[in-house]
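To keep things clear, I will list the structure first and then write my remarks on it.
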Amino acid sequence: MKILLVNVDSRWNMAIRRMYNYFKKDHEVEMIDLGFSGYPHKRSKIIDASGYDRVYVSNIFDNNKDRVTVTGCDWVEFGGIGSNYPERQLPPEIENTDPFYFDDEDTSYGFITRGCIRNCWFCKVPKYEGALKVYNNVERIVKHRKVKFLDNNILAYEHHCEVFQWLIDRNIRCEFNQGLDFRLINEKNMELLSKLNYMGEYIFAFDDPKYQRMLDKKLVIMKKWVPKPWKFKFYIYFHPSMEVSELLDRVEWCRKNECKPYIMRDRACWECEENLKNFMTDITAYCNQPAFFKNMSFEDFLSRRHTDKERITRTLNIYNTKG
Ligand code: SF4
């Protein structure tokens, strides 16, 4: 068969890479990346798949649902957590296949676990992946000197300290890029985290403001083992149904503690009232670029970013009245 694999919007699509390795044993396989953004955009794509027997299309982000049309082939399957079929799973024989890497790639990717022990209201993981379960092992995932783990909540895995020790013993450059759960930090795992050959900042999630007091306590442990300023980054989730003050309090908490904020806007932020939408665009641009966040006030940032004085005033009104 002649098979086309389409990665719509992921930097590195695990399902597509596994399918490539699986199918290429017996078939002619081609793989393309469309490079669509995870942010709202207007792009779409019609793929002429004449001559192919099968086409598989995978997307991660909801906003890319229905943006790809495939013509010329009767056998097309869409999947991925952002598609209309987020519950679709790979068959076990493909799931158990290692992903394909190009010769010039220097970083491995993988999940040791899938699912999560939590049930955050805004998150799709509990719905589509369920409770935390073991999925793979570190030895099998790491094929390079660098590795990026995509686990949703690695600290909830009962053997996470053994994983960290394995990486330390081999001096593997690594990153857990989906955000660590600070509620599960303790002296032992934080000491091991501090000894990892880590890429960039340690990323945690500060999605729910109600945990701030607990975070204050955990930060003492975190800073004991990693005292360098700005070595922690916190994902800060925001949905328009939340108070802006809940966002700004977390941002200011980050500043006070020399941690980098990284605002994760819910998709609804692009569909909300115009002034709030503009405010969210500006505050996100400010917070998510450390060079600005660390070196200038939000007001100065706005004056550099916009010439429209009224826009600045409207944004500052939200910032000052709800902050
Ligand atoms: S902790 Fe993270 S992965 Fe788990 S449910 Fe909450 S947001 Fe999702």
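When a ligand or atom number is given, it counts from 1 through the structure's own listing order. Along the sequence shown, the residues carry numbers beginning at 1.
E273 places a side-chain N or O within 3.5 Å of a backbone atom of N275 that can act as its donor or acceptor partner. Remark: the backbone N or O of L132 is not paired with any side-chain donor or acceptor of T113 at under 3.5 angstrom.
Side-chain atoms of N13 and S58 include a donor-acceptor pair closer than 3.5 Å.
Atom-to-atom distance recorded for L167:CG and L196:CG is 6.0 Å, nearest 0.5 angstrom.
Shown here are the protein N/O/S atoms lying under 2.8 Å from atom 6 (Fe) of ligand 1, water excluded: C120 SG.
The salt bridge (charged side-chain N to carboxylate O under 4.0 Å, His left out) search around E95 returns R18, not counting sequence neighbours.
Residues M264 and F238 have side chains not in contact (no heavy-atom distance under 4.5 Å, counting atoms from C-beta outward).
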